[in-house]
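Numbers restart at 1 for each chain; the letters A, B, ... are given by sequence-line order, proteins then strands.
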2 protein chains.
Amino acid sequence: MARGFVTAEEVAKRAGVSRSAVSRTFTPGASVSQSVRRKVLQAARELGYRVNRLAQGLNNDRSNLIGVVGTNLSAPFISKQLDLLSIGLLRRGLQCLLLNAADARKDIAPLIELLFEFRAQAIVVLSGEPPSSIVDECIANGVRLILVNQRLDRTDTNMVLSDDSRGADLAALRLIAAKCKKVAVVSSGSQTPAQVRRATAFTQRVQTAGIEVVAWSDGPTSYESGYQAGCDLLRDKRIDGAFCVTDLLALGFLDAARIEMHRRVPQDVSIVGFDDIPQAGWKSYELTTIAQSLSALTDNVLVALGSDEPATRLQVVPVSMIERKTVR
Amino acid sequence: MARGFVTAEEVAKRAGVSRSAVSRTFTPGASVSQSVRRKVLQAARELGYRVNRLAQGLNNDRSNLIGVVGTNLSAPFISKQLDLLSIGLLRRGLQCLLLNAADARKDIAPLIELLFEFRAQAIVVLSGEPPSSIVDECIANGVRLILVNQRLDRTDTNMVLSDDSRGADLAALRLIAAKCKKVAVVSSGSQTPAQVRRATAFTQRVQTAGIEVVAWSDGPTSYESGYQAGCDLLRDKRIDGAFCVTDLLALGFLDAARIEMHRRVPQDVSIVGFDDIPQAGWKSYELTTIAQSLSALTDNVLVALGSDEPATRLQVVPVSMIERKTVR
DNA sequence: TAGATCATTGCGCACGTGTGCATTTTTTTG
DNA sequence: CAAAAAAATGCACACGTGCGCAATGATCTA
């Protein structure tokens, strides 16, 4: 009571029972008589006792901690993902140990190392690019690893990802239907695997349709980069369509087109994004985009966490096109 | 090696030393000879050993865990806050245990209870409304509590908050300078303490200037609520100014004004927001708003976490007006 | 070289909990 | 009411680590 937390020992003493009795009182399904249970609960309440989960995890070897690591946590799409995931974890009685990797490439590995030290039961990587070697380490230590929207070329870890190439296809088909003559593919300079998949799938599809394509990629994955892309690319008056591999990029591009470069959207230029972040639906934008199902993505992660033997290592979540007003 | 993690015991055996030697090798400043240290490190690397921080925390009583609890984690302002905070924590060697309170009022208390069970060293409340009683519990258990943008009427806990009334004043003065005749105050239905402070301070200042005020508040703190507010309020043609207590609300209001209610901004209606979220600076909006200094807010939280005896219980962070294009 | 100082090492306890095992108490059965 | 079955209870060990304490070995001083 003096300082720090109350221990089961103290509760036992006050209730006049053994420490085991206290432990059993708080262990569902253990064998305790009604009278003892009452006395223990009474004493526990008076002293403000709470089980020490760390000590609990020490001999259980169930820490109940799930490591979540990611970059760019305030980007709309990722923050929404984190929001849903953290709620889902809590519902299942799991705790979320959040590690923010400031630098996508260099920081991930040491952070996962750190999660090992905390004996995380499983690790979810939301963004950033983990080296393939950590998969082996996870397996060696019996830690389940779940990669979201990432694709490593191995079959011994869980991956949940949106159908990027299908999404890029949808975007391409839509721009083809809009009779675009020359289109741009805009991505960031970070070149994450997902962005690359989208860009290449789109390029391929559009090229086989005989449409001219120009690629742009620079800067972080942000509104500002998209804006810059718009300013750069639309000097070319022949460009009449654009696929931005991320909604943030698309919204920046859209603003550049309308405000800086005086284009009408969709009459002069058609634009398609990817993700369907909330801002894409705002009235000033009404962006036509490829929607990832955030709930499906999250549900799959939670399932992969829950099941003892993962049924499917690779979960591809379907995407869909949201028709709004930025394509002719 | 068979399953689970490697223990210091196993490393000791392989290196041919005592377990203490292993412990000391990984304890900075402990006394170990070069030769032993080398042998231990070698064995540790071969076996893939990592210290068990949970066990470490058990006798240190330093868990190194910081509980972070909040609502509405995907809202731009809060997600940015979380982003900065999680980076700052990591820099200081602290871990972030994230708890997402789905329901602002009911969930906070049990979540903090949970954090006690994990022996969190400190608890940061980013949003939501913790009952005053938990302050006592934190003190009783020696857990530091830090409330962000919240104000409890007590002096025995740490609070870091933006200068809401000053911000509201700035907004009011600006709208007065724009010669508004009738202004609206828009807030959400959740009526968080911060929102209430802003709304009342604004109302008071504007009323003493003899300007007519109408209040609106409903729904969650979202773009959509702001949009709804705009549609409702602007039926009244006499309203020529609005203060939205949150940028999200302001952006919705702005879109409603321009697109749905055919008002010119700022010629017909002047709008001021609060927070300065990234979207406020986007070219389609260029919202004039009151900026909270996110970095100052976060820094103060980190300082409050770090210092042993908190110098100031109540930290008020200054705000500033960002002049953009939505006020005449 | 003998004595003194200092670095290194191992033993054992402590942290707070869950649980197997043997023992005691209660309940059920015939 | 006696015997058997069942429930309740306490003891002691295990989980993995840090650290105080005493003992050992190495280095330095005169």
Quiz item: Checking side-chain contact (heavy atoms from CB on, under 4.5 Å) against A:V148, which of A:N158, A:V124, A:L161 comes through?
Solution: A:V124
Exercise. Could you pull out the closest heavy-atom pair between A:T71 and A:A102, with the gap in Å?
Key: CG2-O, 3.9 Å
Practice problem: Work out which heavy atom in B:S162 is nearest to a heavy atom in B:V316; give both atom names and the distance. | Solution: C-CG1, 4.4 Å
Quiz item: Hey, are A:S132 and A:R154 close enough side-chain-wise for a donor-acceptor pair under 3.5 Å?
Solution: yes
Quiz item: Do the side-chain N and O atoms of B:N64 and B:Q95 include a donor-acceptor pair separated by under 3.5 angstrom?
Solution: no
Could you check which of [options] has an atom nearest any side-chain atom of [X]?
{"X": "B:V17", "options": "C:dG10, C:dT19, C:dT17", "answer": "C:dG10"}
{"X": "B:S31", "options": "C:dG16, D:dG18, C:dT9", "answer": "C:dT9"}
{"X": "A:N59", "options": "D:dA8, C:dG16, C:dT8", "answer": "C:dG16"}
{"X": "A:S33", "options": "D:dG18, C:dG18, D:dT9", "answer": "D:dT9"}
{"X": "B:S20", "options": "D:dC19, D:dT17, C:dT9", "answer": "D:dC19"}
{"X": "B:A21", "options": "C:dG16, C:dG18, C:dG10", "answer": "C:dG10"}
{"X": "B:T7", "options": "C:dG18, C:dC15, D:dT17", "answer": "D:dT17"}

Rounded interatomic separation in angstrom, taking [atom1] from [X] and [atom2] from [N]:
{"X": "A:E117", "N": "D:dT17", "atom1": "CD", "atom2": "P", "answer": "10 Å"}
{"X": "A:E9", "N": "C:dA14", "atom1": "CD", "atom2": "P", "answer": "12 Å"}
{"X": "A:N64", "N": "C:dT17", "atom1": "CG", "atom2": "C1'", "answer": "14 Å"}
{"X": "B:Q56", "N": "D:dC15", "atom1": "CD", "atom2": "P", "answer": "18 Å"}
{"X": "B:L54", "N": "C:dA14", "atom1": "CG", "atom2": "C1'", "answer": "17 Å"}
{"X": "A:R38", "N": "D:dA8", "atom1": "CZ", "atom2": "P", "answer": "13 Å"}
{"X": "B:F116", "N": "C:dT17", "atom1": "CZ", "atom2": "C1'", "answer": "20 Å"}
{"X": "B:R50", "N": "D:dT17", "atom1": "CZ", "atom2": "P", "answer": "12 Å"}

With no angle test and no hydrogens, is the base of [N] tied to the side chain of [X] by a donor-acceptor pair under 3.5 Å?
{"X": "A:R24", "N": "D:dG10", "answer": "yes"}
{"X": "B:R53", "N": "D:dG16", "answer": "no"}
{"X": "A:N52", "N": "C:dT17", "answer": "no"}
{"X": "B:R19", "N": "D:dG18", "answer": "yes"}

Quiz item: At under 4.0 Å between heavy atoms, what does B:S23 touch on the DNA or RNA strands: base, sugar-phosphate, or nothing?
Solution: base
Practice problem: For B:F26, report the nucleic acid contact type (base, sugar-phosphate, nothing); a contact means any heavy atom under 4.0 Å. | Solution: nothing
Practice problem: Using the ring of A:F5 (Phe, Tyr or Trp, six-membered ring only), decide whether A:R50 places NZ or CZ under 6.0 Å from its centre and within 45 degrees of its axis. | Solution: no
Practice problem: Could you check B:A55 against B:V36 and say which one's nearest nucleotide on DNA chain C is further toward the 5' end? | Solution: B:V36
